[in-house]
Amino acid sequence: MTDLPAGRVPKHFIEQAIDADLATGRFSQVATRFPPEPNGYLHIGHAKSICLNFGLAQKYAGTCNLRFDDTNPAKEETEYVESIMEDVRWLGFQWDRLHYASDYFEQLYDWAEQLILAGKAYVCDLTGDQTRQYRGTLTEPGQDSPYRDRGVQENLELFRGMRAGQYADGLRTLRAKIDMASPNLNLRDPVMYRILRATHHRTGDTWCIYPMYDWAHGQSDSLEKISFSICTLEFENHRPLYDWFCLNLGIHHPRQIEFARLNVTYMVMSKRKLLQLVKEKHVSGWDDPRMPTISGLRRRGYTPESLRNFCADVGMAKFNSTIDIVRLENAVREHLNRVAPRYLAVLDPLKLTITNWPKNPDGSAEVQLSHAVSNPESPEAGLRDVPMTGSLLIERDDFREQAPSKFFRLKLGGAVRLRAGYIIDCHDVVKDADGKVIEVLCTYDPSTKSGEDLSGRKVKGTIHWVSAAHAAQVEVRNYDRLFTVENPESTEAGKTFLDYFNPDSLRVTTAWVEPALLNVEVGQAVQFERLGYYCPDPDSKPGQPVFNRIVPLRDTWGKIASKED
RNA sequence: UGCCCGAUAGUGUAAUUGGCAACACGACAGAUUCUGACUCUGUUAUUCUAGGUUCAAGUCCUAGUCGGGCAGCCA
């Protein structure tokens with residue numbers, strides 16, 4: 001899906017912009033950065049940004065830094081820093097340099113004094129409420145702050161006093177002197193520094209003034225000699241301010257380019273909502289396998305490659321779009337189909353007895369080993385042995401006493417192949433007092449053994465099974481989408497996104513599985529044949545795996561069957 | 001009723017930058033199949049509206065419509 005045919009590969013608008021800037025010499029190399037705020041776990045939307053920034057650096061033989069935008073100590077924590085680094089690495093990327101905006105606090109401070117000296121910044125004593133009032137509205141211009149024309153010396157002294165901790169939190173701010181009448185509100189003398197006594201996760205209590213995003217972000221980019229500062233659409237209105245700071249400081253001036261953030265159906269992506277899901281324990285944590293977080297997807301069993309493919313697949317544009325979640329599911333199916341070893345597992349067992357199964361001399365049932373192909377998509381994966389006897393468990397769904405001709409599975413009087421085993425013919429059923437089928441009786445055809453079948457006999461269906469005596473019981477967690485509606489973010493009046501929480505997003509059941517499945521390592525995705533892709537959860541214990549369902553296989557029959565209802 | 005941005009099959013993205021509107025996914029039909037998976041074949045359907053420039057407009061211009069963003073001492 002991402003392997004584009006040879007020849008011209010279409011370039012998206014950011015690559016075209018880069019090509020143009022390289023051609024004109026505005027920049028001589030590509031330097032990007034991924035700049036998360038460490039106030040939450042990364043989600044799949046961030047994965048798009050990571051793939052973009054690191055991917056561009058790879059394509060253009062440039063560099064990409066990881067930089068934490070840690071300018072608000074009230075929200076940021078070291079736990080988040082660590083998870084972010086782990087997620088970026090797991091996705092398959094390595095940053096050239098690791099930075100923190102907080103590393104630049106001293107330089108930022110010096111530059112602020114430089115702007116004060118140039119008469120382009122001033123200390124303002126307006127309260128938060130007053131600042132808002134003076135800012136004006138979307139349709140009316142703002143008014144100049146009464147402190148706007150303070151002298152340079154006074155500004156300098158007050159600003160130094162701010163740094164020295166002489167004023168209470170919120171008492172004064174440093175503002176850029178731009179234009180209170182600008183139609184772009186970001187240019188109406190934006191706040192550069194606020195007084196805030198909070199312990200920073202890296203600088204501790206060294207500072208009691210902290211730079212605002214607009215003042216810290218572009219300057220950090222500049223210090224790192226970033227060429228292309230790529231961000232999401234909501235910062236488009238900030239670009240004039242980004243440019244203003246670089247121009248008025250006379251420093252290296254990166255080009256900010258905005259792209260549309262990723263939205264996916266049936267998911268919420270806002271950090272606030274994800275935090276709420278965690279805090280209120282609707283999910284088990286940031287890495288709950290239902291979460292759209294990178295750590296959640298990883299635990300679920302998604303592979304880095306599938307996520308990268310997905311990000312490449314959705315494209316790059318300035319249009320706010322929502323990607324159908326089936327594309328994400330397709331991406332992981334496509335990858336796992338190539339790499340996931342196959343196993344037999346039964347989720348809803350029905351007893352099946354082979355009445356003509358050979359016995360050992362001592363009267364016990366013979367045990368044969370089936371040589372099953374590990375992965376038909378990659379023969380080099382080899383074979384595995386699956387024990388088979390005359391007493392099996394099959395999927396209840398795979399048997400019907402009577403069924404339409406379109407039903408290719410087992411029915412009374414019908415035949416079917418046992419995957420990696422024999423063709424069997426069903427001649428009888430056993431029912432309980434309520435008339436429910438509790439056992440299926442079949443004969444097997446010894447001439448049809450898998451791999452050495454010369455009988456020429458063909459049957460329409462193949463079903464999976466496990467040997468009742470050899471099967472291990474394991475816990476299975478069948479996951480489904482977290483929400484019941486396509487867009488849980490837009491709610492009807494009086495409802496919140498939690499009203500659309502899918503109560504069936506996790507269903508825990510027991511599966512009967514072939515013995516080899518006991519040895520699969522945590523994180524190794526496998527296919528339960530005819531069912532779906534599964535992956536042992538970190539909750540697994542030795543000999544006691546817990547399997548997460550990553551995604552079911554496409555189910556054409558299920559679609560046909562449900563249409564007939 | 002301010003400023004900025006956007007609009008191409010159902011969804012998402014292309015269109016050699018003014019030159020035959022295409023690709024993927026979906027849906028539908030079929031082939032194949034020791035996974036009703038995978039794979040393969042076929043069908044379906046697209047330039048927001050109205051003007052203008054031009055031999056030629058998805059692309060340029062004007063106006064409108066619709067959608068998104070912006071009034072944190074958040075990022």
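Each chain gets a letter, A, B and so on, in the order the sequences are listed, and its residues count up from 1.
- Partners of A:Tyr80 according to the ring pair (Phe, Tyr, Trp, His ring centres under 6.0 Å) rule, which considers only residues two or more places apart in sequence or in another chain, are A:Tyr41.
- For the pair A:Arg172 and A:Tyr167, the distance from NZ or CZ to the six-membered ring centre is under 6.0 Å and the angle to the ring normal is within 45 degrees.
- Relative orientation of the A:Phe235 and A:His238 rings is perpendicular, given thresholds of 30° and 60° on the angle between their planes.
- Residues meeting the salt bridge (Lys or Arg N to Asp or Glu O under 4.0 Å) test with A:Arg261, sequence neighbours left out: A:Glu234.
- Across the protein-nucleic acid pair, A:Arg272 atom CZ and B:A75 atom P stand 18 Å apart, rounded to whole Å.
- Heavy atoms of A:Arg333 sit nowhere under 4.0 angstrom from any nucleic acid atom.
- Using a 4.0 Å heavy-atom distance criterion, A:Leu126 is classed as a base contact.
- Between the CE atom of A:Met212 and the P atom of B:C70 there is a distance of 15 Å, rounded to whole Å.
- Nearest heavy atoms, A:Val416 versus A:Thr462: CG2-N, 4.0 Å.
- Aromatic rings from A:Phe408 and A:Trp557 are positioned such that their centres are separated by 6.0 Å or more.
- Annotation: salt bridge (charged side-chain N to carboxylate O under 4.0 Å, His left out) contacts involving residues 373-387 of chain A, sequence neighbours excluded, comprise A:Arg384-A:Glu514.
- The salt bridge (Lys or Arg N to Asp or Glu O under 4.0 Å) test applied to A:Asp189 returns A:Arg148, not counting sequence neighbours.
- In this structure, the ring of A:Phe259 has its center no less than 6.0 angstrom from the ring center of A:Phe13.
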Table please: side-chain donor-acceptor pairs of residues 178-185 of chain A below 3.5 Å, with sequence neighbours left out.
from, atom 1, to, atom 2, distance (Å)
A:Asp179, OD1, A:Ala181, N, 2.8
A:Ser182, OG, A:Asn184, N, 3.0
A:Ser182, OG, A:Asn184, O, 3.2
A:Asn184, OD1, A:Asn186, N, 2.9
A:Asn184, ND2, A:Asn237, O, 2.8

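- Within the structure, the side chain to side chain donor-acceptor pair (under 3.5 Å) test picks out the following pairs touching residues 69-78 of chain A (sequence neighbours left out): A:Asp69-A:His217, A:Asp70-A:Ser102, A:Asp70-A:His201.
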Legend entry - Dot-bracket notation for RNA chain B, counting Watson-Crick and G-U pairs under 3.5 Å, with | for partners on another strand: .((((((..((((.....[..)))).(((((.......)))))....(((((..]....))))))))))).....
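- Using a 4.0 Å heavy-atom cutoff across all strands shown, A:Tyr210 reaches no nucleic acid atom at all.
- When the P atom of B:C34 is taken as reference, atom CG of A:Asp398 falls 17 Å away, rounded to whole Å.
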Would you list the protein and nucleotides 3-11 of chain B atom pairs, both N or O, that sit under 3.5 Å from each other?
from, atom 1, to, atom 2, distance (Å)
B:U11, O2, A:Arg327, NH1, 3.4

Below 3.5 Å between N/O atoms, which protein atoms pair up with nucleotides 26-28 of chain B? Just atom names and distances, please.
from, atom 1, to, atom 2, distance (Å)
B:G26, OP1, A:Arg554, NH1, 2.3
B:A27, OP1, A:Lys559, NZ, 2.6
B:C28, OP1, A:Lys563, NZ, 2.4

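- Stacking of the aromatic ring of A:Tyr213 onto the base of B:A75 is not found under the criterion of centres within 5.5 Å and planes under 30°.
- Listed by first then second residue, pairs satisfying salt bridge (charged side-chain N to carboxylate O under 4.0 Å, His left out) with a partner in residues 127-138 of chain A read A:Asp129-A:Arg132, not counting sequence neighbours.
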Under 3.5 Å, which N/O atoms of the protein pair with N/O atoms of nucleotides 59-61 of chain B?
none

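- Side-chain atoms of A:Arg33 and A:Ser229 include a donor-acceptor pair closer than 3.5 Å.
- Atom P of nucleotide B:U35 and atom CG of A:Leu410 are separated by 16 Å, given to the nearest angstrom.
- Ring planes of A:Phe159 and A:Tyr193: tilted class, angle from 30 to 60°.
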Tabulated below should be each protein N or O lying under 3.5 Å from an N or O of nucleotides 43-47 of chain B; please produce it.
none

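- Residues A:Phe483 and A:Tyr266 keep their aromatic ring centres 6.0 Å or farther apart.
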